[in-house]
Amino acid sequence: HAVNPYGMATMKRTNAANVDLNRNSLTDYKIQNPEFADFNEFLRHGAVLDFLKTIPSIFRLGTEKTARSVACGQSDFPDSLFYCGPERQPELAALKNSLQLLIDAETKVFVLDVHTGLGRKGSESLLIENFEGKDEEKFRSIFNQDLKVPDRDSDFYRASGTLNHLFSESWKALHCFQEFGTRPFYQVLLALIHQKPEQMLNAFFPDDGQWRKRCVDLGLLRFRQLVQNLS
């Protein structure tokens with residue numbers, strides 16, 4: 001809420017400039033994702049005819065690479081989805097400045113970055129990036145669960161410009177995404193395209209008491225496991 005008040009107020013993923021803050025932690029602000037152009041018209045409007053035009057590209061790329069091409073981020077279409085922006089956005093600059101007041105540069109940081117929307121409903125996935133082998137083994141032991149690596153696990157994609165880049169600029173940071181599945185990928189994507197508040201809420205925060213309790217319980221469990229093992 002504090003990082004993207006505009007997005008929370010309007011029930012959107014982006015800030016007021018249509019920049020996806022989960023794709024904005026870059027240094028050169030150029031994402032190499034040429035396949036995105038094949039899907040751009042459909043992603044801007046969600047029209048059935050535009051979707052039909054993407055079918056040859058889906059067959060050429062396959063479903064796995066299609067999902068990665070759509071969602072990993074893009075820098076060529078400012079009015080479309082997953083746009084990384086032309087520069088560091090003020091929301092992330094403010095976040096980094098605030099954290100630098102609280103965290104010494106020599107402090108080792110572990111970030112538990114909670115997301116929803118990717119994966120089977122009710123499932124939890126712990127995704128890591130830039131871990132050395134010994135770190136991966138250590139945290140697999142701490143969480144007592146397999147850790148997913150986007151480059152290694154075909155069900156997940158590596159996104160460009162996520163918050164792990166922001167943290168690694170200033171701290172010795174290990175970053176773990178805690179992802180809770182909600183709806184099938186196409187339903188989440190349609191919610192992002194249409195940007196209707198009720199549809200967005202249903203895609204990313206379902207009105208399901210059992211699902212919400214599971215997210216809270218697992219979030220607290222992972223936090224306790226980290227505190228107990230790292231302190």
Side-chain angles (χ1 to χ4, degrees), residues 3 13 20-27 31 62-73 82 92 95-96 99 102-185 188 203-206 208 210-231:
V3 175
R13 183 185 173 94
D20 186 333
L21 298 181
N22 275 319
R23 304 290 183 271
N24 184 240
S25 298
L26 297 168
T27 53
I31 297 176
T63 54
E64 179 187 324
K65 191 170 182 181
T66 294
R68 295 187 182 201
S69 299
V70 166
C72 76
F82 308 112
L92 290 193
L95 173 63
K96 185 175 178 180
L99 290 172
L102 300 171
I103 307 173
D104 184 271
E106 295 305 312
T107 300
K108 291 184 179 179
V109 179
F110 188 93
V111 183
L112 189 61
D113 189 352
V114 184
H115 293 252
T116 65
L118 183 63
R120 181 173 49 83
K121 184 178 179 182
S123 65
E124 178 208 33
S125 302
L126 297 172
L127 291 83
I128 60 171
E129 293 183 8
N130 304 323
F131 272 49
E132 296 180 2
K134 58 182 177 61
D135 291 323
E136 182 178 343
E137 289 299 322
K138 177 179 181 180
F139 286 103
R140 181 181 286 112
S141 174
I142 288 175
F143 291 135
N144 193 28
Q145 181 168 317
D146 279 343
L147 306 178
K148 305 294 185 181
V149 181
D151 289 341
R152 192 176 65 203
D153 296 281
S154 59
D155 291 340
F156 299 94
Y157 58 85
R158 178 188 289 272
S160 299
T162 50
L163 278 181
N164 61 327
H165 299 98
L166 187 79
F167 278 91
S168 62
E169 288 175 5
S170 299
W171 299 282
K172 301 168 185 174
L174 291 174
H175 198 281
C176 180
F177 298 92
Q178 186 182 29
E179 181 78 51
F180 293 103
T182 55
R183 308 291 183 192
F185 178 75
V188 174
F204 288 96
F205 194 56
D208 181 332
Q210 185 175 358
W211 178 87
R212 295 183 180 188
K213 183 179 186 304
R214 176 173 168 78
C215 292
V216 172
D217 289 347
L218 283 172
L220 292 172
L221 171 65
R222 302 309 176 200
F223 185 79
R224 285 196 298 268
Q225 288 172 325
L226 286 170
V227 170
Q228 290 168 0
N229 286 277
L230 299 184
S231 59

Peer 1: Should the heavy atoms of other residues, nucleotides or ligands under 6.0 Å from CG of Asn144 be counted, would the total exceed 12?
Peer 2: no
Peer 1: Specify the closest pair of heavy atoms between Leu147 and Glu136, including all atoms of both residues, with the distance to one decimal.
Peer 2: CD1-O, 3.7 Å
Peer 1: Using a 3.5 Å distance criterion without hydrogens, assess whether the side chain of Trp211 forms a donor-acceptor pair with backbone atoms of Pro206.
Peer 2: no
Peer 1: Applying side-chain contact (heavy atoms from CB on, under 4.5 Å) to Val188 and Thr182, what does each step give before you reach the verdict?
Peer 2: CA-CA 8 Å; Val188 174; Thr182 55; 4.0 Å; yes
Peer 1: Given Leu230 and Lys138, is the side-chain contact (heavy atoms from CB on, under 4.5 Å) satisfied, shown in steps?
Peer 2: CA-CA 10 Å; Leu230 299 184; Lys138 177 179 181 180; 4.1 Å; yes
Peer 1: So, using side-chain hydrogen bond (donor to acceptor under 3.5 Å, both in side chains) as the criterion, who are the partners of Asn22 when residues are at least two apart?
Peer 2: none
Peer 1: To the nearest 0.5 Å, what is the distance between CG on Asp135 and CD1 on Ile128?
Peer 2: 8.5 Å
Peer 1: Using 0.5 Å steps for rounding, measure from the NZ atom of Lys148 to the SG atom of Cys176.
Peer 2: 12.5 Å
Peer 1: Between Phe143 and Leu226, is any pair of side-chain heavy atoms under 4.5 Å apart?
Peer 2: yes
Peer 1: If you round to the nearest 0.5 Å, how far is CG of Leu174 from OG of Ser168?
Peer 2: 10.5 Å
Peer 1: Salt bridge (Lys or Arg N to Asp or Glu O under 4.0 Å) between Glu169 and Lys96: does it pass, once the steps are laid out?
Peer 2: CA-CA 10 Å; Glu169 288 175 5; Lys96 185 175 178 180; 2.6 Å; yes
Peer 1: Side chains of Leu163 and Phe177, heavy atoms from C-beta outward: is any pair under 4.5 Å?
Peer 2: no
Peer 1: CG/Leu127 to CZ/Arg152 distance, rounded to the nearest 0.5 angstrom?
Peer 2: 10.5 Å
Peer 1: Relative to each other, are the rings of Phe110 and Phe131 parallel, tilted or perpendicular (30° and 60° limits)?
Peer 2: perpendicular
Peer 1: Give the intermediate values and the outcome of salt bridge (Lys or Arg N to Asp or Glu O under 4.0 Å) for residues Lys134 and Glu137.
Peer 2: CA-CA 5 Å; Lys134 58 182 177 61; Glu137 289 299 322; over 6 Å; no
Peer 1: So do Glu64 and Arg68 actually touch side chain to side chain, heavy atoms under 4.5 Å?
Peer 2: yes
Peer 1: Within the 4.5 Å heavy-atom criterion, are Phe180 and Val114 side-chain neighbours or not?
Peer 2: yes
Peer 1: With rounding to the nearest 0.5 angstrom, report the CZ to CG distance, Arg212 to Asp217.
Peer 2: 14.0 Å
Peer 1: Is there a side-chain contact between Leu92 and Ser25 (heavy atoms, below 4.5 Å)?
Peer 2: yes
Peer 1: With sequence neighbours excluded, tell me which residues meet salt bridge (charged side-chain N to carboxylate O under 4.0 Å, His left out) with Arg222.
Peer 2: Glu124
Peer 1: Less than 4.5 Å apart, side chain to side chain, heavy atoms only: is that true for Asp208 and Lys121?
Peer 2: yes
Peer 1: Over all heavy atoms of both residues, which pair between Ile31 and Ser160 is shortest? Give the atoms and the distance, please.
Peer 2: CD1-CB, 3.7 Å
Peer 1: Side-chain contact, heavy-atom cut-off 4.5 Å: Trp171 with Val111?
Peer 2: no
Peer 1: One pair to check against side-chain contact (heavy atoms from CB on, under 4.5 Å): Thr162 and Arg23. What are the steps and the verdict?
Peer 2: CA-CA 5 Å; Thr162 50; Arg23 304 290 183 271; 4.0 Å; yes
Peer 1: Nearest 0.5 Å, what's the CZ-CZ distance between Phe204 and Arg183?
Peer 2: 11.5 Å
Peer 1: Between Val70 and Phe82, which heavy-atom pair has the shortest distance, and what is it?
Peer 2: O-CD1, 3.1 Å
Peer 1: Please list all pairs passing the salt bridge (charged side-chain N to carboxylate O under 4.0 Å, His left out) test where one or both residues lie in residues 106-120, with sequence neighbours left out.
Peer 2: Glu106-Lys172
